[in-house]
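Reading through the structure tokens given below for one structure.
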2 protein chains.
Amino acid sequence: MTESARGARDAEAVSRFVESFAAQLVEAGMQRMPARVFAALLSSDEGSMTSAELGEQLRISPAAVSGAVRYLAQTHMVSREREPGSRRERYRVHGNQWYEALTNREAVIKRWEGALREGVTSLGADTPAGRRMAETLAFFEFIEAEIVEMMERWRVHREKTFGPE
Amino acid sequence: MTESARGARDAEAVSRFVESFAAQLVEAGMQRMPARVFAALLSSDEGSMTSAELGEQLRISPAAVSGAVRYLAQTHMVSREREPGSRRERYRVHGNQWYEALTNREAVIKRWEGALREGVTSLGADTPAGRRMAETLAFFEFIEAEIVEMMERWRVHREKTFGPE
DNA sequence: CCTTAACTTCACAAATTTCTGAAGGAAGCG
DNA sequence: CGCTTCCTTCAGAAATTTGTGAAGTTAAGG
């Protein structure tokens, strides 16, 4: 077993994975920099990196790191930590935050629901279009409730499979 | 009750709703034109419109309609119909296509899973990062199975509430 | 306090995306 | 069969987004 395959991680292999995973996230609608930063954090052994480490691995400016991290923190995909007695910040992914972030889709769904409610009203609940809106709205309300339960089931399943956090 | 509030739809109210709902879709990551076209179809009484009608309501060129519709058809949000004995095409939303489209998220999830599997391999299943990948992968596999069941439950729920299609 | 390291904000240049007009087909209709 | 209508494709202009360098801000450490 070579040194690079055991101790020090194969930087190139890591980078390849980071970029290919980030590309998938981008294709699903995520902005490029947040996607790359998130992928890098996800594939770090500690699950966390400093701003400088991120900038170096991804070859991007501190400004780009800053912007990406702000977005990720806002959407709860990543949390910021201050290293005590240092002015370095560490950005971390928790296993849990993955599904917290998914649950945050709720915020989006809520806004859709709001818009649909207005639609039902302004198109008229007794028109064909209004009825279609109402049904769509019902669908989202259904989904919303289901997601909550689904996450609860995942929490149980996860604990059984991977043990308590 | 004025004529416009009863018979002919209030074009301005419809337009306001279309634009505001489309804006929500855009914010969730959808391209602008597909979002506007989809919203317009959703709020039409027939659930379908011709290319010309879409162009007129949204004030966009035939080319833009064409591009938007191609995207929506690819993602199964809208189906194309040919009016028999005419060269006009109608684009239609089915109530069902909403959740067919959601189910199509499966394709995205599948690609993520592929990328994560590669990640587990290339980072090493016995490394902390590799284990995190494996857990993330397990999460998506869980979600994928759940979505299938969820859609089945919706189909039942929908039929009870709104009657058979 | 002053220095300096680390992050953030901002204005701008570059790259990308988006939409249009124009040209190019396909398919009904006479 | 040719004419006409409708849709699509394509090249390019316009708008938007993205990432950078530089200046600004905050807080640790002497």
Side-chain angles (χ1 to χ4, degrees), chain A residues 15 18-19 22-41 44 46 48-75 77-93, chain B residues 15 18-19 22-41 44 46 48-75 77-93:
Chain A
S15 178
V18 166
E19 296 307 332
Q24 298 297 328
L25 296 175
V26 168
E27 204 151 327
M30 195 169 179
Q31 289 161 356
R32 182 186 309 280
M33 285 295 142
R36 297 180 71 208
V37 166
F38 184 71
L41 288 170
S44 68
E46 300 75 23
S48 75
M49 296 174 77
T50 65
S51 181
E53 288 166 349
L54 285 166
E56 192 193 359
Q57 160 153 14
L58 303 174
R59 304 307 195 83
I60 57 180
S61 70
V65 174
S66 176
V69 153
R70 177 177 37 186
Y71 172 85
L72 290 168
Q74 269 176 1
T75 57
M77 308 266 299
V78 155
S79 63
R80 329 166 75 108
E81 303 178 349
R82 207 34 168 262
E83 297 187 320
S86 156
R87 72 207 79 168
R88 284 215 172 125
E89 206 137 25
R90 297 194 72 82
Y91 308 107
R92 154 160 280 123
V93 283
Chain B
S15 179
V18 166
E19 296 306 331
Q24 297 297 328
L25 296 175
V26 168
E27 205 151 327
M30 195 169 177
Q31 289 161 356
R32 180 183 311 279
M33 284 296 143
R36 295 180 70 208
V37 167
F38 184 71
L41 289 170
S44 68
E46 299 75 22
S48 75
M49 295 174 78
T50 65
S51 182
E53 288 166 349
L54 286 166
E56 192 193 359
Q57 161 153 13
L58 302 174
R59 303 307 195 82
I60 57 181
S61 70
V65 175
S66 176
V69 154
R70 179 176 36 187
Y71 173 84
L72 291 169
Q74 270 176 2
T75 56
M77 309 265 301
V78 156
S79 62
R80 329 166 77 109
E81 304 178 348
R82 206 36 167 263
E83 297 188 318
S86 156
R87 70 209 78 168
R88 283 210 173 130
E89 206 137 26
R90 297 194 73 83
Y91 307 109
R92 153 161 279 121
V93 283

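Hydrogens, waters and symmetry mates are skipped; everything else that's a heavy atom, side chains included, is used. In what follows, chains carry the letters A, B, and so on, assigned in the order in which the sequence lines appear, proteins first and then strands, with residues in each chain numbered from 1.
The nearest whole Å value for the distance from the CZ atom in B/Arg82 to the C1' atom in D/dC6 is 8 Å. Between the OH atom of B/Tyr71 and the P atom of C/dC19 there is a distance of 13 Å, given to the nearest Å. Nucleotide D/dC7 holds its P atom 13 Å from the CD atom of B/Glu81, rounded to whole Å. For the pair A/Met49 CE and C/dA6 P, the interatomic distance rounds to 16 Å; values are reported in whole Å. Regarding A/Met33, its CE atom lies at a distance of 4 Å from the P atom of D/dG19, rounded to whole Å. Counting to the nearest Å, the C1' atom of D/dT4 and the CZ atom of B/Arg88 are 13 Å from each other. Between A/Glu83 atom CD and C/dA5 atom P the separation is 16 Å, expressed in whole Å. A/Gln31 has its CD atom 12 Å from the C1' atom of D/dG19, to the nearest Å.
Residues B/Glu81 and B/Arg90 are not paired through a salt bridge, judged by the lack of any N-O separation under 4.0 Å between the basic side chain and the carboxylate.
The two atoms that bring A/Ser44 and A/Met49 nearest to each other are CB-CG, 4.0 Å, heavy atoms only. Residue A/Met77 comes nearest to A/Phe38 through the heavy atom pair O-CE1, 3.6 Å, listed as atom of the first residue, atom of the second, then distance.
Along DNA chain C, the nucleotide closest to A/Ser86 and the one closest to A/Arg32 are compared, and the more 5′ of them pairs with A/Ser86. Comparing B/Val69 and B/Arg87 by the nucleotide of DNA chain D that holds the closest heavy atom to each, the one mapping nearer the 5' end is B/Arg87.
Without hydrogens or angle criteria, B/Arg36 side chain to B/Leu58 main chain gives a donor-acceptor distance under 3.5 Å. The backbone N or O of A/Ala22 lies less than 3.5 Å from no partner atom in the side chain of A/Arg32, so there is not a single donor-acceptor pair.
Of the residues in residues 50-63 of chain B, those placing a heavy atom less than 4.0 Å from an atom of DNA chain C are B/Arg59, B/Ile60, B/Ser61, B/Ala63, in numerical order.
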As a quick check of understanding, evaluate side-chain hydrogen bond (donor to acceptor under 3.5 Å, both in side chains) for A/Arg88 and A/Thr50, giving each step before the final call.
CA-CA 7 Å; A/Arg88 284 215 172 125; A/Thr50 65; 5.0 Å; no

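The distance from atom CG of A/Leu72 to atom CD of A/Gln31, rounded to the nearest 0.5 Å, is 9.5 Å.
Heavy atoms of B/Gly85 sit under 4.0 angstrom from primed sugar atoms or phosphate atoms, though from no base atom. Across all strands shown, A/Arg36 has no heavy atoms under 4.0 Å from either base or sugar-phosphate atoms.
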